[in-house]
Amino acid sequence: MTELRGVGIGLGVAQGPVARMAEPLPAPADTASTLTPEEERSRVADAVAAVARELEQRGAQAGGAAQEVLEAQAMMAEDPTLTDEVDARIAQGKTGEYAVFDAFASFRDQLTAVGGYLGERAADLDDVAQRVIARLRGVPAPGVPDPGHPFVLVAKDLAPADTALLDLDKVLALVTTDGGPTSHTAILAREKSIVAVVGAVDATRLRDGETVIVDAAAGVVTADPSTEDLARAQNRADARAAAASAPITDGALADGTPVPLLANLGDPDAAAEAVELGAEGVGLFRTEFLFLSASQAPTVEQQREAYIKLLSAFPGRKVVARVLDAGADKPLPFLNDAHEENPALGLRGLRALRASEDILREQLTALAEADAATEADLWVMAPMVSTVEETEYFVALAREYGIRTAGVMVEVPSSALLADRILARADFASIGTNDLTQYTLAADRLLGSVASFQDPWHPAVLRLIREVGEAGRAAGKPVGICGEAAADPLLAVVLVGLGATTLSMAPTALADVRATLLQHGLEDARRIAEAALAAHDAASARIAAQEAAATTKETQQ
Ligand code: PEP
Ligand code: MG
């Protein structure tokens with residue numbers, strides 16, 4: 001048995017024979033063209049247009065997030081700057097194939113040099129180039145193999161065009177050697193609930209036909225597994241399938257302690273699905289969606305309509321809206337205009353809103369009006385709060401607008417360490433484990449090269465969460481979790497053991513978390529949390545919690 005490590009997407013586990021994605025087309029030779037520059041230009045223009053239309057067509061067929069991605073890729077293909085670069089090379093006498101290859105490669109290098117989100121778009125650009133070159137040569141574009149039976153797809157990185165139309169009855173899991181947690185492979189795997197491990201560098205060793213286990217929860221691909229490994233993986237897959245079809249009940253521990261399970265939403269249109277999957281309310285409504293594609297802030301009326309739409313889906317239920325979290329990975333031209341060397345440590349979240357207070361005031365106005373017009377129980381919180389003074393500022397401002405329940409997100413270690421003082425002023429705290437992990441481990445959450453640090457199981461992160469949990473208990477105030485950590489079923493048990501009173505997650509994670517909470521009482525959850533806290537690093541904390549959780553099950557038998 002050999003284990004290959006990467007970044008797991010989601011919680012699934014799957015097994016099956018490997019089928020590798022075809023290698024990219026060989027690079028075109030730098031030979032002089034026998035055609036005139038006009039002829040080359042027109043061949044390339046036809047090929048580019050055909051590729052762009054094909055990408056749009058695939059997008060329309062796939063719908064959802066895939067459509068946006070493919071349309072963006074089609075625009076990339078027809079980008080006028082890129083066209084100029086290709087034309088300039090053709091004017092020097094290069095062939096169309098070589099001009100496309102070379103111009104796209106130089107753009108790719110620029111994106112890679114920028115790194116982060118843009119760096120991960122480099123794969124999209126490569127895919128466009130391959131498709132155009134294949135068309136110019138009259139050969140099929142490299143794509144997903146079809147071995148005639150279900151398979152584990154192993155690739156360097158998947159282009160959005162490939163993931164969008166994957167036949168989910170055939171693809172048991174995805175493994176890529178490149179790509180980080182924010183690559184398109186990761187985003188689309190999440191959306192389609194495909195078991196995936198990305199950035200598994202050593203997966204180049206896997207051969208067609210060999211059986212592997214892909215464990216997304218652990219971020220591990222097991223080559224050459226034993227019969228016992230295969231049986232264990234199958235049991236886990238069966239347990240997940242059973243959780244998915246179990247009756248939907250309110251979140252609770254085995255001893256009946258309620259743990260409301262809430263949804264993380266970024267768009268009011270997703271509310272209906274969340275309700276269907278049993279969300280008992282919303283623990284994090286990311287309001288950025290209204291602002292991100294805009295060149296200026298939406299009006300109070302536009303915002304009010306969107307908030308009313310969301311709140312109407314949850315009559316009598318709690319809905320926690322977060323005021324705009326701009327900056328760092330979500331820059332907005334009208335809020336974050338100054339260049340910052342280190343934007344994650346700059347003017348983001350509440351800091352940015354405070355610098356443009358009119359935007360914050362308008363948002364609070366729209367939220368308060370939507371609250372008055374609907375039956376939901378609206379709570380409002382501020383992102384990226386790092387001091388007691390910021391807490392006082394936000395709570396006072398929210399009260400001015402009649403917001404009844406005003407709280408703060410704990411995403412920065414300073415807020416966790418002073419949670420007692422913060423909770424003396426705020427009505428509730430909600431821990432954003434994505435940023436809390438980023439800031440505790442000093443590892444950019446978008447950077448594939450430091451992805452291994454971005455693990456909320458790290459005992460340093462757990463200790464900070466315990467601080468907040470204890471402060472909440474002492475003050476009698478709710479402490480929610482709304483980062484990705486709440487979607488990891490065993491970590492969810494640990495978080496409750498550390499004092500979390502509600503858990504909020506992507507709706508697709510609710511069933512797994514609901515099923516796992518039902519296996520442990522509060523005392524067990526505290527004991528499992530202690531075991532994780534006593535570990536030295538994230539990997540051993542996870543193992544310690546698994547072992548502690550297994551003893552609960554033994555004593556129950
Ligand atoms: C977090 O940081 O954990 C969080 C929930 O906020 P976001 O992911 O939107 O930054
Ligand atoms: Mg955050």
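Ligands are counted one by one from 1 in listed order, and the atoms in each one are counted from 1 as well.
Each protein N/O/S atom under 2.8 Å from the Mg ion (ligand 2) was counted, for a total of 2.
With salt bridges taken as basic N to acidic carboxylate O contacts below 4.0 Å, none links Glu340 and Arg351.
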Under 3.5 Å, side-chain donor or acceptor atoms of residues 311-324 against the rest of the protein: list the pairs with distances, not counting sequence neighbours.
from: Ser312; atom 1: OG; to: Ile308; atom 2: O; distance (Å): 2.5
from: Arg317; atom 1: NH1; to: Glu280; atom 2: O; distance (Å): 3.4
from: Arg322; atom 1: NH2; to: Glu288; atom 2: OE1; distance (Å): 2.9
from: Arg322; atom 1: NH2; to: Glu288; atom 2: OE2; distance (Å): 3.3

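Across every non-hydrogen atom of Leu277 and Arg514, the tightest pair is O-NH2, 3.1 Å.
Glu411 and Ser415 share no side-chain donor-acceptor pair at under 3.5 Å. Side-chain atoms of Arg421 and Thr391 form no donor-acceptor pair, as typed in the model, at a separation below 3.5 Å.
More than 12 heavy-atom neighbours from other residues, nucleotides or ligands sit within 6.0 angstrom of NZ on Lys477. Counting heavy-atom neighbours within 6.0 Å of Arg361 CZ, excluding the residue itself, gives a total above 12. Around the CD atom of Glu301, the shell of radius 6.0 Å holds more than 12 heavy atoms that belong to other residues, nucleotides or ligands.
For the pair Arg322 and ligand 1, a heavy-atom separation below 4.0 Å is found. Remark: distances from the non-hydrogen atoms of Glu288 to ligand 1 are all 4.0 Å or more.
The shortest distance between side-chain heavy atoms of Val201 and Thr177 does not fall below 4.5 Å. Residues Thr374 and Tyr307 form no side-chain contact, since every pair of their non-hydrogen atoms from C-beta on lies 4.5 Å or further apart.
Given atom 3 (O) of ligand 1, the protein heavy atom at minimum distance is Asn434 N, 2.7 Å.
With a 4.0 Å cut-off on non-hydrogen atoms, Arg286 touches ligand 1 through its side chain and not its backbone.
Within ligand 1, counting atoms from 1 as listed, the ones closer than 4.0 Å to a heavy atom of Gly483 are 3 (O), 5 (C). Close contacts of ligand 1 with Leu284, meaning ligand atoms under 4.0 Å from a residue heavy atom, involve 5 (C). Near Cys482, with a cut-off below 4.0 Å to any heavy atom, the atoms of ligand 1 are 5 (C). Distances below 4.0 Å separate heavy atoms of Arg445 from the following atoms of ligand 1: 2 (O), 7 (P), 8 (O), 10 (O).
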